[in-house]
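Presented below is the structure to which this report refers.
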Amino acid sequence: MSGPRPTARDPRSAGRRSRPAPDTTGDVVRWAAFSCVLVPVVLLWYGTSLAGTAGTALGLAAVTAVCRFLLRRSERATAPRGGGRHTRGTTPDTRSTTGTTPVD
């Protein structure tokens with residue numbers, strides 16, 4: 001048999017598995033948490049007062065928490081949903097069988 005054989009890394013292979021989407025929000029939050037720790041350490045290193053450093057750390061933590069909340073909320077809003085009320089082919093038949101329309 002001549003010709004190339006499809007490999008597991010070949011995107012054209014029929015039996016490939018789909019990978020889950022990367023957790024970009026988690027990455028952003030991890031970097032923000034790292035910054036919340038790193039920035040106060042650097043401020044202390046350069047001689048900023050303890051009160052100023054603590055205030056900066058609390059401010060960064062608050063901004064990080066709000067951003068995390070908003071990112072997670074936007075992820076949930078854009079996530080594909082399972083459909084509406086009638087997704088299994090069980091849409092109720094709203095046509096009248098008598099040929100007349102109902103009157104309230």
Please tabulate, one pair per line, all N/O donor-acceptor pairs under 3.5 Å involving side-chain atoms of residues 49-60, not counting sequence neighbours.
unit_1: Ser49; atom_1: OG; unit_2: Gly52; atom_2: N; d: 3.1
unit_1: Thr53; atom_1: OG1; unit_2: Ser49; atom_2: O; d: 2.9
unit_1: Thr56; atom_1: OG1; unit_2: Gly52; atom_2: O; d: 2.9

Apply the side chain to side chain contact (heavy atoms under 4.5 Å, CB included) test between Tyr46 and each candidate in Leu44, Leu43, Val42; give the one that qualifies. Val42
Roughly how far apart are Arg73 CZ and Arg68 CZ, rounded to 0.5 Å? 14.5 Å
Heavy-atom pair of closest approach, residues Pro40 and Val37: CD-O, 3.4 Å
Roughly how far, to the nearest 0.5 Å, is CD of Glu75 from CG of Leu70? 12.0 Å
List for me each residue that meets ring pair (Phe, Tyr, Trp, His ring centres under 6.0 Å) alongside Phe69, sequence neighbours excluded, and say none if there are none. none
Should Leu38 and Trp31 be regarded as members of a common hydrophobic cluster, given that ILVMFWY residues are connected when their side-chain heavy atoms come within less than 4.5 Å of each other, either directly or indirectly? yes
If I compare all heavy atoms of Ala33 with all of Thr64, which pair ends up nearest, and what's the gap? N-CG2, 4.5 Å
